[in-house]
Protein chains: 2
Amino acid sequence: MSPRKSAVETAATRTRIIECALTLASAEGLEGVTIGRLATELGMSKAGVIGHFGTKEALQLATLDAAVEKFADRVPARAAGADPGVDRLTRAFDEWIAYMADEGHGGCFLTSVATEFDGRPGPVRDAVLAALSRWSDYAAAELRTAVDAGDLPPDTDVDQLVFELGGVGLAAGQAIQLHRDPAAPERARRAIDRLLGR
Amino acid sequence: MSPRKSAVETAATRTRIIECALTLASAEGLEGVTIGRLATELGMSKAGVIGHFGTKEALQLATLDAAVEKFADRVPARAAGADPGVDRLTRAFDEWIAYMADEGHGGCFLTSVATEFDGRPGPVRDAVLAALSRWSDYAAAELRTAVDAGDLPPDTDVDQLVFELGGVGLAAGQAIQLHRDPAAPERARRAIDRLLGR
DNA sequence: TTAGCTACCGAACGATCGTATGCTTTTAGC
DNA sequence: GCTAAAAGCATACGATCGTTCGGTAGCTAA
């Protein structure tokens, strides 16, 4: 007779499942997260796992949502204290890079899922696109603030700058995750400082 | 009685399989290429498909090899005619971007496989790393030539520049493949021109 | 002519996939 | 104390996974 959980712990179980899915997806990709594997890893039955979500796609979306929320809690939230404009954006990118370099989650979850689903239309792709757009919009808004404040030249091409800053992030992710290059964070910071005219 | 193929056509069949695998992998990732699916797509049996390679991993490696060769034939080869240094490198990046923007193959095969396998040690990861390193080495060599020729400042940090150029390529790939942004190639070219001091 | 080699097929293997159904157990509200 | 909801388990389903095996058609060399 195993000890049973109270219904109030349902949300906790759901969180536990998603947490485990995040770990697995970091290594194997979102499509590599299998219900059977989750069940084994968590010591529960497949039905118990999927019962919380209904379908695998719903589980993928929930996992993605959790990753996005985690990112938002960590990166923009920690930069919120800095001065709007260049300061805040620099801080945000620093946090992003530190987040990618952290042990545990393999690089940037959003980036890898974006690559995994960029050729597969569907709700997952849509969700990834929406999340990345939010990040781009955030960066663009801070850049416009910086232009208005005179910290960046008035003729700054904001969209171009967002594009290039994103590229630095992607390069950092690859250097960290694939090449295991310890110099990557420093390189990324230097690139960003140059882009933001520091 | 079906018409039988001569033994001399074996290599052609192998090529056909790999070509099909490249197409499938562009949309679904290398792990998404299934022997059964290849067999269906090619109108042959699973045994006939896998017989040419022995193992799925061998098939993956062969597919990756083919993609690398295709890339080498297209990008550095077309830039070989340009003057060594900044000219040639600019040309190579232009070719890379045009290659990614081409319809048919979904973005940069190497980049997506790199993301797919960056957390999975093994021969595939090793092969991806080797291929990407060759590309980095190529870029670094051209940059050093440019420095020696005086087209770039003597204090140029070549590795940093390779890092940032790679980032522009990754950003272009994401913008093309995920965001379907038609302005991406132009943005990338502008970023590269600025990095190479044009 | 014949023996051997190669390419490929048809069939099957155990494993695992996602999903559905029907229990048992526990808890919450009355 | 009783009941309805639910969380989770056990089991099963059809499909597909990668791989193996034996057989056969067509070619080549002896």
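So you know, we letter chains A, B, ... as the sequences are listed, proteins then strands, and number each from 1. Everything quoted here is computed from the prediction, not taken from an experiment.
Nearest-nucleotide mapping onto DNA chain C: of G36(A) and A47(A), the residue sitting toward the 5' end is G36(A).
Between dG8(D) and T13(A), a contact under 4.0 Å exists linking OP1 or OP2 to a side-chain N or O. Between H52(A) and the phosphate of dA6(D), there is no side-chain N or O to OP1/OP2 separation shorter than 4.0 Å.
Remark: C1' of dA7(D) and CD1 of I17(A) are 10 Å apart, rounded to the nearest angstrom. Rounded to whole angstrom, the span from the CD1 atom of I50(B) across to the C1' atom of dT19(D) amounts to 8 Å. Atom CD in E31(A) sits about 11 Å away from atom C1' in dG18(C), given to the nearest Å. When the P atom of dC17(D) is taken as reference, atom CG of L24(B) falls 11 Å away, rounded to whole Å. Distance L38(B) CG to dC8(C) P: 14 Å, rounded to the nearest Å. Atom CG of L59(B) and atom P of dC17(D) are 13 Å apart (whole Å). The CD1-P distance, from I35(A) to dA12(D), rounds to 19 Å in whole Å. F53(B) places its CZ atom 13 Å from the C1' atom of dA7(C), with the value rounded to the nearest Å.
Linking Ile, Leu, Val, Met, Phe, Trp and Tyr residues whenever their side-chain heavy atoms come within less than 4.5 Å places W135(B) and V86(B) in a single cluster.
Considering only the side chain of T34(A), dG18(C) comes nearest among dG18(D), dG18(C), dT20(D). Checked against dA20(C), dA12(D), dC17(D), the side chain of K46(A) finds its nearest nucleotide in dA12(D).
S45(B) comes within contact range of at least one nucleobase, with a heavy-atom separation under 4.0 Å.
Minimum heavy-atom separation, P185(A) to D181(A): CD-O, 4.2 Å. Nearest heavy-atom pair across F163(B) and A184(A) is CZ-O, 4.2 Å.
Salt bridge annotation for R16(B)-E41(B): absent, with no cationic side-chain nitrogen under 4.0 angstrom from a carboxylate oxygen.
Listed for the E142(B) side chain is no donor-acceptor partner under 3.5 Å among the backbone atoms of L89(B).
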